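These numbers were taken from a predicted model, which means no experiment stands behind them. In what follows, chains are A, B, ... by sequence order, proteins preceding strands, each numbered from 1.
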Protein chains: 2
Amino acid sequence: MAKPTRARLPTSEPLKMAPELEELIGYNLKRAYVVVQKDYRAALGDGGLSPRTFAALSLAVAYPNLTQSNLARMLGIERSGLVAIIDELERDGLLKRTTVPGDRRVQALVPLEAGIAAHRATLAKVKAHEDKLLEDLSDVEKETLIFLLRKIRRHETES
Amino acid sequence: MAKPTRARLPTSEPLKMAPELEELIGYNLKRAYVVVQKDYRAALGDGGLSPRTFAALSLAVAYPNLTQSNLARMLGIERSGLVAIIDELERDGLLKRTTVPGDRRVQALVPLEAGIAAHRATLAKVKAHEDKLLEDLSDVEKETLIFLLRKIRRHETES
DNA sequence: TATTGTTATACTCTATAACTATA
DNA sequence: TATAGTTATAGAGTATAACAATA
């Protein structure tokens with residue numbers, strides 16, 4: 001049976017980390033992601049688009065008449081999970097589902113003027129939040145980080 | 001009203017990305033995190049410890065007699081959320097809650113032999129999964145990535 | 001008054017499976 | 001048979017608020 005070998009860490013003591021955990025890419029990725037995500041929410045507030053809704057809108061604006069299935073693929077999520085996101089965007093008047101002549105199964109996504117404006121405005125806020133949060137990273141460091149993250153993203157499942 | 005300006009993206013066409021999305025750190029962080037997290041689960045299987053449970057065990061092993069409140073702080077989660085994680089670890093015989101003489105409020109976490117062994121075995125599996133998944137990153141690139149992620153992590157809320 | 005562990009509760013994000021209407 | 005959109009459902013993961021015991 002394992003015996004306690006050290007005294008309990010008092011609350012006042014500065015927080016230590018598990019050394020082997022700190023060397024793992026996955027752990028650092030998760031923790032860093034939480035930092036950025038929390039700051040995003042704080043910066044955009046309650047009325048703002050959530051990260052995933054903003055991502056969906058960005059792609060819908062960049063590729064008008066996109067299919068929901070294609071958008072889900074681009075986002076790396078299931079078709080079923082996209083429904084609520086599109087519901088929200090349509091409810092807010094940012095885009096609309098339209099039927100496509102020639103294939104009555106699909107619902108093409110058409111960005112509306114309000115959606116294009118919301119996208120532009122939100123993008124500016126997101127950029128401002130990242131610039132502020134990451135101001136202690138140089139431009140080269142930010143480029144390097146994105147380059148390395150994209151290298152990991154090459155393993156995204158293509159399904 | 002916005003008019004469709006391009007033809008619908010056919011399923012066969014290679015997936016495009018929204019350029020401005022691809023330049024955001026947060027978006028790339030999220031997508032890369034999903035890649036690593038999915039590969040972790042695939043590598044460790046159904047019986048394996050989840051990332052958060054492994055992280056909790058790692059810290060409990062590194063700091064015997066740790067308090068639940070301190071552990072929650074280290075993990076960056078709420079005390080309440082840690083309860084289920086410790087329940088799981090205790091149920092699996094990997095650690096035990098023990099009362100501390102001098103403060104009967106706290107439940108010190110004592111790693112058991114099985115817990116130390118499970119930690120060692122899981123760490124080996126996690127390292128193997130990361131080495132395999134990230135084999136296209138050089139050692140310098142991996143070090144750089146961890147360095148940059150830690151720079152972001154400096155903004156972790158100290159609560 | 002403040003803190004520790006706990007419970008209850010709810011919300012976000014995501015996945016799986018099954019359905020319908022089309023193709 | 002296969003695909004697009006949808007619904008129902010469930011499971012992580014996390015947060016907030018409150019509580020009892022203790023400091």
Practice item. Determine the interplanar angle of the H129(A) and Y40(A) rings, folded into 0 to 90°, and report it as parallel if under 30°, tilted if 30 to 60°, perpendicular if over 60°. Key: perpendicular
Check your understanding: Of the candidate nucleotides dT4(C), dC13(C), dT6(C), which contains the atom at the shortest distance from the side chain of V106(B)?
Key -> dT4(C)
Point to revise | Whole angstrom value for the distance that separates C1' of dT14(C) from CG of L71(A) | key: 15 Å
Point to revise | Phosphate-side-chain proximity, S50(A) and dT12(C), N/O vs OP1/OP2 below 4.0 Å | key: no
Review point. OP1 or OP2 of dG11(D) less than 4.0 angstrom from a side-chain nitrogen or oxygen of R41(B), does that happen here?
Key: no
Review point. For L75(B) and dG5(C), what is the distance between atoms CG and P respectively, to the nearest whole Å?
Key: 13 Å
Check your understanding: So, is K38(B) near the phosphate of dA15(C), with a side-chain N or O under 4.0 Å from OP1 or OP2?
Key -> yes
Please list, pair by pair, any protein nitrogen or oxygen found under 3.5 Å from a nitrogen or oxygen in nucleotides 16-23 of chain D.
| residue | atom | partner | partner atom | Å |
| --- | --- | --- | --- | --- |
| dT16(D) | O4 | S80(B) | OG | 2.7 |
| dA23(D) | OP1 | R104(B) | N | 2.8 |

**Study point:** Rounded distance in Å - OH (Y33(B)) to P (dC13(C))
**Key:** 13 Å
**Study point:** Note: K132(B)-E135(B) ion pair, threshold 4.0 Å (strictly below)
**Key:** no
Practice item. Ignoring backbone atoms, establish whether Q68(B) has a side-chain N or O less than 4.0 Å from OP1 or OP2 of dT6(C). Key: yes
Check your understanding: Without hydrogens or angle criteria, can the side chains of T53(A) and E88(A) be said to hold a donor-acceptor pair below 3.5 Å?
Key -> yes
Revision key, fill the gap. Per nearest nucleotide of DNA chain D, the residue lying toward the 5' end, V34(A) or S69(A), is S69(A)
Check your understanding: side chain to side chain contact (heavy atoms under 4.5 Å, CB included) between L145(A) and N28(B): does it pass, once the steps are laid out?
Key -> CA-CA 9 Å; L145(A) 178 55; N28(B) 282 283; over 6 Å; no
Practice item. Let me know the distance between CD of Q107(A) and P of dA21(C), rounded to the nearest Å. Key: 14 Å
Exercise for review: Search all heavy atoms of G93(B) against all heavy atoms of L112(B) and return the closest pair with its distance.
Suggested key: O-CD1, 3.5 Å
Review point. Does a salt bridge link E23(A) with R150(B), judged by any charged N lying under 4.0 Å from a carboxylate O?
Key: yes
